[in-house]
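Below: one structure, written as C-alpha cells.
First listed ligand is number 1; within each ligand, the first listed atom is number 1.
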Amino acid sequence: MQNEKFETSLGHVLVVDDDPFVLKTLSFSLMAMGCRYVVTSTDVSQALLTIQNSQPPVEIILSDLNIPGIDGIEFFRRLVEANFSGGIILISGEGSRTLSVAENLARVRGLNVLGSVSKPVKMQTLRSLIRNNFTPESRTTDRNVPAPRLVSAEALKHAITAGKIEPWFQPKIDLLTARLVGVEALARWIDPSEGTIYPDQFIPVAEQHDLMDELTMLMLNKTLEHRKRWKQEGLELFAAVNVSMSSLYDLNFPDRVEAAIKAANEENSNIVLEVTESQLMRELEGPMDNLVRLRLKMIGLSIDDFGTGHSNLQQLRDLPFDELKLDRSFVHGATVSDTTRTILEASFELAKRLNLTVVAEGVENQSDWNRVLEMGCDQAQGYFIARPMPGREIIDWAKSWKERSAHLIHFDLAHRL
Ligand code: C2E
Ligand code: CA
Ligand code: CA
C-alpha cells in the first residue's frame, strides 16, 4: 500500500546485529516499508567497509549495542572517524537506561541519532522514528548543508590573516526577566565564492594546524569592536568567545586576552571565555594555572556543553568557573531519562551552591523554554530566541525582542497559573 511507504523513499539502510534472525526480520520489514536497499552485517569491520564504499551511500544505520568483539561506544567512535553523517537508530535488548545513555553519548560525538528501539523491534515504532526524525539532510547544526567538507589549511590561514572570519552573535536571555543580557560569538567564514562556511568545516583544521590561537584573538578583537558599537547605542552586553584547549596551555594566553580587552578600553568582567567540558576533563591538569589566572583577572569563564564531558561533581567544585552551559541534548525535546534527570539535578544543585549561572543551550521552542525555566536555569540561548546573526543586526534585534519578550512573560505567567 503506497501510504504505508515513506514519502521520501528511503534509499540505503544498513542493519548491524549479531543475530541472523533479527537481521532477517528487520530487513524484510524495512523492504516492506519502502527501503530500496537493505544491507545486513553481523560484523562491525564489514559494516564500516560498507559505510565507506557503498553507492548510493548508507543513509541510516540500525545497530545493536552489543555486537561481539566491539562495544557500541567504540562503534560510534569509528563512525565519527568514517565521517558518517546519516541517521542512526540504536537497538538493544538492554533496558531503556542503557539505551538513553548510549544515545546521549552518540549525540555528543556529533552523530545524528534518530532514536532507539528495544528488542523485539516493533515495526510501528521504527516507522514513526524514521518518518518523524529523518530527512536525508537532517543534521545537528543550524542549517541544511551536506556533511562538513573540511577546508584547506592554507586557505584558512589566509582567511584568518586577512580577517575574513567574522563573529556572528547569538543572544543570551535572562529567563526570569526575559531580558537580553549577553551574546555568544560564533565564527563564520564569509567567502565570496563559497558563501558562509560554518565552524564545523574549519575549527578541526585550525586545531590541527595550530591556527586556533590566531582565530581566537581575531574573534575576540572583532567581538570587542562590536561590543563597543552596541554600547554607543546604549546596549551593554556580556560577550562570550569560544576558546580552544590548546590556547589554555599557552602561558601567555591570559595576558594576551587581557591586553586585547585593555586596548579596546573594556572591562575584563564583560568578557566570558567558553571552554567545552569534554576537552577540559580530558586534560584538566595543564590548563588549570591559566584558568585560575584568567579568573583572577575577573575574566568570565564558562563550561560549555555541560553534561557531555563526564565531569564529576567534585571537579565541578574545584574548577574556577562562573557559568555552566547545559548542552542542548538535555534541553531540546522532552525526553530526558530518569538517570539523566538525576545527574542534572545534582549538578544544578551544586551549581547553585557555587553561585554559577546556569545557561540552557538549544532552546528551540516554547516548550523547551518552559521546561528550562521550570528546571531553574538562569539564562537561555537557542533558535527559539534567535539564530546567530551579524553584529550590526543586534541592535534592531534587541528592539524587536523587547516586544516579543513582553508576550513571552505573559505566556509564562499564564502557563504557571
Ligand atoms: P557551541 O559553542 O556549543 O555553539 C552553539 C552551536 O549551536 C552553534 O553552532 C549555534 O549556531 C548552534 N545553536 C544555537 N542554538 C541552537 C538551537 O536552538 N538548536 C541547535 N540545533 N543548534 C543551535 P555553530 O555556530 O555551527 O558552532 C558550532 C561549534 O563550533 C560551537 O559550538 C563551538 O564549539 C565551535 N565554535 C564556533 N565558533 C568558534 C570559535 O570562534 N572558536 C572556537 N574555539 N570554537 C568555535
Ligand atoms: Ca560555546
Ligand atoms: Ca555549547
> Can you tell me the N, O or S atom of E184 that's nearest the Ca ion (ligand 2)?
Replying inline: OE2
> Which one of Q381, R328, E274, Q170 has a non-hydrogen atom at the shortest distance from atom 6 (C) of ligand 1?
Replying inline: R328
> Looking at A187, which atoms of ligand 1 are within less than 4.0 Å of one of its heavy atoms?
Replying inline: 37 (C), 38 (N), 41 (O)
>> Using salt bridge (Lys or Arg N to Asp or Glu O under 4.0 Å), reason through E274 and K325 one step at a time and then give a plain yes or no.
In response: CA-CA 9 Å; E274 296 191 4; K325 294 185 84 174; 2.8 Å; yes
> Does the distance from a Lys or Arg side-chain N to an Asp or Glu carboxylate O, for E166 and R188, drop under 4.0 Å?
Replying inline: no
>> More than 12 heavy atoms of other residues, nucleotides or ligands under 6.0 Å from NZ of K352: yes or no?
In response: yes
>> Check contact between I203 and ligand 1, using heavy atoms of the residue and a distance below 4.0 angstrom.
In response: yes
>> As an exercise, identify every atom of ligand 1 less than 4.0 angstrom from a heavy atom of P388.
In response: 11 (O)
>> Is the contact between V241 and ligand 1 made by the side chain, the backbone, both, or neither, using heavy atoms and a 4.0 Å cut-off?
In response: neither
> For ligand 1, which atoms, with element, lie under 4.0 Å from some heavy atom of L186?
Replying inline: 4 (O), 8 (C), 10 (C), 11 (O), 25 (O), 37 (C), 38 (N)
> Can you list the atoms of ligand 1 that are under 4.0 Å from a heavy atom of M219?
Replying inline: 41 (O)
> Who gets closest to atom 37 (C) of ligand 1 by heavy atom: P199, P171, A360?
Replying inline: P199
> At a 4.0 Å threshold, what atoms of ligand 1 neighbour a non-hydrogen atom of M212?
Replying inline: 43 (C), 44 (N)
>> Salt bridge check, E184 against K172: does any charged N sit closer than 4.0 Å to a carboxylate O?
In response: no
>> With a heavy-atom distance limit of 4.0 Å, tell me whether D305 approaches ligand 1 through its side chain, its backbone, both, or neither.
In response: side chain
> Is it the side chain (CB and beyond), the backbone, both or neither of D200 that lies under 4.0 Å from ligand 1, heavy atoms counted?
Replying inline: neither
>> Is K325 close enough to touch ligand 1? Criterion: a residue heavy atom under 4.0 Å from a ligand atom.
In response: no
> Do you know which N/O/S atom name in D305 is closest to the Ca ion (ligand 3)?
Replying inline: OD1
> Counting each atom of ligand 1 from 1 as listed, which ones have a heavy atom of E361 under 4.0 Å away?
Replying inline: 3 (O)
> Between R229 and E233, is the closest basic N to carboxylate O distance under 4.0 Å?
Replying inline: no
> Taking atom CG of L90 and atom CZ of F75, what is their separation to the nearest 0.5 Å?
Replying inline: 9.5 Å
> Is there a donor-acceptor contact under 3.5 Å linking the side chains of Q366 and N370?
Replying inline: yes
> Should we count CD of E403 as having more than 12 external heavy atoms under 6.0 Å?
Replying inline: no
>> Could you identify the N, O or S atom of E274 positioned closest to the Ca ion (ligand 2)?
In response: OE1
> Between L215 and ligand 1, does any nitrogen or oxygen pair lie at a separation below 3.5 Å?
Replying inline: no
>> Under 4.0 Å from a heavy atom of E364: which atoms of ligand 1 are those, numbered in the order shown and with their elements?
In response: 17 (C), 18 (O), 19 (N), 20 (C), 21 (N)
>> Looking at every heavy atom in both D368 and V331, which two are closest together, and how far apart are they?
In response: OD1-O, 3.4 Å
>> How close do V241 and A185 get, counting heavy atoms only, and between which atoms?
In response: CG2-CB, 4.5 Å
> Can you name the N/O/S atom of D304 that is nearest the Ca ion (ligand 3)?
Replying inline: OD1
>> Between S302 and the Ca ion (ligand 2), is there a contact where an N/O/S atom of the residue lies under 3.0 Å from the metal?
In response: no
>> With a cutoff of 4.0 Å, is T216 in contact with ligand 1, counting heavy atoms of the residue only?
In response: no
> Strictly by modelled atom types, are E207 and S244 linked by a side-chain donor-acceptor pair under 3.5 Å?
Replying inline: yes
> Looking at F306, does the NZ or CZ of R328 lie under 6.0 angstrom from its six-membered ring centre and within 45 degrees of the ring axis?
Replying inline: no
>> For a quick check under 3.5 Å, do D250 and S247 share a side-chain donor-acceptor pair by atom type?
In response: no
> Counting from 1, what ligand 1 atoms have a heavy atom of R188 closer than 4.0 Å?
Replying inline: 11 (O), 24 (P), 25 (O)
>> I'd like to know if the Ca ion (ligand 3) has an N/O/S atom from D327 within less than 3.0 Å of it, counting both backbone and side-chain atoms.
In response: no
> Crowded around D255 CG? As in, over 12 foreign heavy atoms under 6.0 Å?
Replying inline: yes
